[in-house]
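Below is one structure, written out as structure tokens; comments come after it.
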Protein chains: 2
Amino acid sequence: MAAKRRAQMVEETRAKLIQAARRAFAAKGYAASSMDDLTAEAGLTRGALYHNFGGKKGLLQAVIDQMDAEMLVRMRAAREKADNAWLGFMEESIAYMEMALEPEIQRIMLLDGPAVLGDPSQWPNQNACLRTTMETLQGLIDEGTVRPVDAEAAARLLNGAALNAALWIAAADEPRAVFEKVVEAFRSLAEGLLRSESG
Amino acid sequence: MAAKRRAQMVEETRAKLIQAARRAFAAKGYAASSMDDLTAEAGLTRGALYHNFGGKKGLLQAVIDQMDAEMLVRMRAAREKADNAWLGFMEESIAYMEMALEPEIQRIMLLDGPAVLGDPSQWPNQNACLRTTMETLQGLIDEGTVRPVDAEAAARLLNGAALNAALWIAAADEPRAVFEKVVEAFRSLAEGLLRSESG
DNA sequence: ATTCTTACATACGCGGCGTATGTCAATAGG
DNA sequence: CCTATTGACATACGCCGCGTATGTAAGAAT
């Protein structure tokens with residue numbers, strides 16, 4: 001019980017640091033964020049950061065893990081709203097693009113993350129939200145809806161497409177209008193994966 | 001004539017710095033590359049760098065412009081080998097993916113570039129090799145081969161797909177085998193853009 | 001021939017990161 | 001209940017790297 005109190009405090013410390021880091025990284029980017037500043041904002045010092053995360057990269061990794069988990073939840077929710085598997089996949093993909101429009105996600109997950117930590121598929125948690133896309137796709141292949149392509153390859157392609165499109169949308173003058181165009185083009189592209197109806 | 005000599009020297013200086021920067025950025029990444037080191041390797045000092053490029057970011061921009069131009073040439077060459085426009089587009093896209101496998105291009109153009117300078121479409125030269133994809137695509141739409149989607153949106157999606165796939169391939173154990181899978185999946189995806197044959 | 005400008009080199013200061021060390025509270029053992 | 005030990009952080013130090021301000025020599029302008 002007393003032991004639990006201690007563990008609880010540690011978790012709070014970690015949570016505070018991750019929270020502060022998310023804001024700092026999102027606002028200024030990873031490179032421009034000072035560890036002194038963000039720890040101070042959390043009411044702590046760099047000592048806590050090095051103890052808990054081993055360094056600046058470790059903190060970024062922790063932030064990414066947290067955000068990735070959140071994104072996973074949102075993608076699942078989007079998929080489960082749809083009537084069938086294929087439409088679920090579309091909704092899931094669109095949800096991903098919408099999330100990729102959020103500055104925090106874009107900056108941390110899509111720009112700084114890969115640049116600092118390398119390819120997302122090599123991350124410790126294996127990028128859960130990419131895995132979800134892959135598994136959804138594999139299900140569609142198994143049920144015969146989608147051509148028998150390599151699920152991971154296709155998932156990668158679609159994820160990358162969505163990611164890049166989101167970068168573009170975010171920088172556009174009228175994000176919402178551009179978003180509609182992208183969704184339409186994305187649907188066309190994705191339909192290339194469907195088994196041809198005449199087949 | 002004497003004036004030309006002077007301009008020539010300046011060009012050589014800039015070329016030397018860009019060359020050294022390309023190697024340094026490719027080897028260690030942008031953040032870990034010391035300007036003192038790379039200028040010294042070029043037989044110069046940071047003074048020359050700040051004078052010619054305004055700073056570290058300016059140098060990165062110059063490096064990217066140069067590489068982008070080179071990529072453009074290679075994409076054109078790939079396209080012109082093909083028999084028809086659609087196949088040309090495929091070859092062009094595959095060429096892009098192959099280039100994206102090269103560590104130098106991957107590190108500088110695809111990882112550090114966007115992270116440091118922001119969205120590629122906002123870069124000064126407007127990312128020439130993306131424009132090429134877009135124009136090729138627009139041609140295919142005009143001739144009726146491709147569905148009337150937004151060319152820029154589709155180009156963005158395909159570029160992003162190729163980019164992300166390349167990141168994955170490069171980190172894979174057997175890059176070549178994975179590359180084949182990706183190309184196959186990419187073809188399927190891209191065919192989603194074709195007008196349906198029954199139409 | 002002189003002034004002015006260009007194209008760099010040199011010098012300086014500040015901020016940021018990592019590490020080594022210190023401190024205090026909490027657990028464990030007798 | 002008292003002490004030894006570990007854990008969770010804070011403090012202190014040094015180095016490196018960037019940007020800027022200043023210096024300098026060679027070419028261009030008049």
Side-chain angles (χ1 to χ4, degrees), chain A residues 1-63 108 112-113 115-117, chain B residues 1-64 107-108 112-113 115-117:
Chain A
M1 179 166 171
K4 275 210 168 175
R5 271 228 136 92
R6 188 159 173 87
Q8 179 96 1
M9 293 303 285
V10 172
E11 263 324 293
E12 281 179 19
T13 297
R14 293 174 58 94
K16 273 195 267 185
L17 286 173
I18 291 176
Q19 186 69 15
R22 278 181 71 151
R23 276 190 298 185
F25 293 165
K28 309 192 231 176
Y30 174 81
S33 295
S34 157
M35 295 169 66
D36 282 316
D37 291 351
L38 74 87
T39 50
E41 197 174 349
L44 296 159
T45 69
R46 283 197 357 259
L49 200 161
Y50 276 92
H51 183 73
N52 281 294
F53 301 103
K56 202 180 184 183
K57 284 188 183 180
L59 180 58
L60 175 60
Q61 183 69 61
V63 168
I108 300 176
D112 287 334
V116 175
L117 303 175
Chain B
M1 179 169 172
K4 276 209 167 174
R5 272 227 135 93
R6 187 159 172 86
Q8 179 97 5
M9 293 302 286
V10 172
E11 265 322 295
E12 281 179 19
T13 297
R14 293 173 58 94
K16 273 195 268 186
L17 287 173
I18 291 175
Q19 186 69 18
R22 277 180 73 151
R23 276 190 298 183
F25 292 166
K28 309 192 234 178
Y30 174 81
S33 294
S34 157
M35 296 170 66
D36 281 317
D37 291 351
L38 73 87
T39 50
E41 198 173 347
L44 295 159
T45 69
R46 276 187 14 244
L49 198 160
Y50 275 92
H51 183 71
N52 282 294
F53 301 103
K56 201 180 186 184
K57 283 188 184 180
L59 180 57
L60 175 61
Q61 184 69 61
V63 167
I64 283 178
R107 178 82 242 181
I108 299 176
D112 287 334
V116 175
L117 303 174

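To find a chain, count down the sequence lines: A is the first, B the second, and so on, and within it residues start at 1.
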Roughly how far, to the nearest 0.5 Å, is the [atom2] atom of [Y] from the [atom1] atom of [X]?
{"X": "A/Asp37", "Y": "A/Lys28", "atom1": "CG", "atom2": "NZ", "result": "5.0 Å"}
{"X": "B/Glu41", "Y": "B/Gln19", "atom1": "CD", "atom2": "CD", "result": "10.0 Å"}
{"X": "B/Leu60", "Y": "B/Arg22", "atom1": "CG", "atom2": "CZ", "result": "12.0 Å"}

### Message
Are A/Leu59 and A/Asn52 packed together at the side-chain level, in the sense that at least one heavy-atom pair is separated by less than 4.5 angstrom?
### Response
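No, their side chains stay 4.5 Å or more apart.
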### Task
Tell me, please, which residues at least two apart from B/Asp36 pass side chain to side chain donor-acceptor pair (under 3.5 Å).
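Here the qualifying residues are B/Arg46.
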#### Entry: Interface with DNA chain C, restricted to residues 11-22 of chain B and to heavy atoms under 4.0 Å
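Of all residues in residues 11-22 of chain B, the ones placing a heavy atom under 4.0 Å from DNA chain C are B/Thr13.
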[X] [atom1] to [N] [atom2], straight-line distance once rounded to whole Å:
{"X": "A/Lys56", "N": "C/dC17", "atom1": "NZ", "atom2": "C1'", "answer": "8 Å"}
{"X": "B/Leu44", "N": "C/dA9", "atom1": "CG", "atom2": "C1'", "answer": "10 Å"}
{"X": "A/Leu60", "N": "C/dC17", "atom1": "CG", "atom2": "C1'", "answer": "15 Å"}
{"X": "B/Gln8", "N": "D/dA28", "atom1": "CD", "atom2": "P", "answer": "13 Å"}

### Task
Kindly state which residues belonging to residues 25-41 of chain A come within less than 4.0 angstrom of DNA chain D, counting heavy atoms of the residue only, listed by number.
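Within this stretch, nothing sits under 4.0 Å of the strand.
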Show me the protein contacts with nucleotides 19-23 of chain C, counting only N or O atoms at under 3.5 Å.
none

### Task
Could you list the residues that satisfy side-chain contact (heavy atoms from CB on, under 4.5 Å) with B/Ala42, not counting sequence neighbours?
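Applying side-chain contact (heavy atoms from CB on, under 4.5 Å) to B/Ala42 gives B/Lys16, B/Leu17, B/Ala20, B/Leu44.
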### Query
Can you name the residues that form a side-chain contact (heavy atoms from CB on, under 4.5 Å) with A/Lys57, not counting sequence neighbours?
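Expected list: A/Tyr30, A/Val116, A/Leu117.
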### Task
Measure from the side chain of A/Thr45, starting at C-beta and using heavy atoms only, and say which of C/dA9, D/dC9, D/dA10 lies closest.
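For A/Thr45, the side-chain atoms sit closest to D/dA10.
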### Task
Could you tell me which residues satisfy salt bridge (Lys or Arg N to Asp or Glu O under 4.0 Å) with B/Glu11, sequence neighbours excluded, listed by chain and number?
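Result, salt bridge (Lys or Arg N to Asp or Glu O under 4.0 Å) vs B/Glu11: B/Arg14.
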### Task
Give a yes or no answer on whether the side chain of B/Lys56 reaches the backbone of B/Ser33 with a donor-acceptor pair at less than 3.5 Å.
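Between the backbone of B/Ser33 and the side chain of B/Lys56 there is a qualifying donor-acceptor contact (under 3.5 Å).
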### Message
Looking at B/His51, I'd like to know whether one of its side-chain N or O atoms comes within less than 4.0 Å of OP1 or OP2 on C/dA7.
### Response
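So the side-chain polar atoms of B/His51 do come within 4.0 Å of the phosphate oxygens OP1 or OP2 of C/dA7, strictly under.
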### Message
At less than 4.0 Å, is any side-chain N or O atom of B/Asn52 found next to OP1 or OP2 of C/dC8? Yes or no.
### Response
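For C/dC8, OP1/OP2 do have a side-chain N/O of B/Asn52 under 4.0 Å.
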### Query
At their closest point, which heavy atom of B/Asp112 faces which heavy atom of A/Ala115, and how far apart are they?
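Minimum heavy-atom contact is OD1-CB, 4.1 Å.
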### Earlier contact from the 5' end, DNA chain C, for A/Gly55 and B/Leu49
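Closest to the 5' end, via its nearest nucleotide, is B/Leu49.
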### Pairs meeting criterion ring pair (Phe, Tyr, Trp, His ring centres under 6.0 Å) with involvement of residues 37-63 of chain B, two or more places apart
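Output for this query is empty, none listed.
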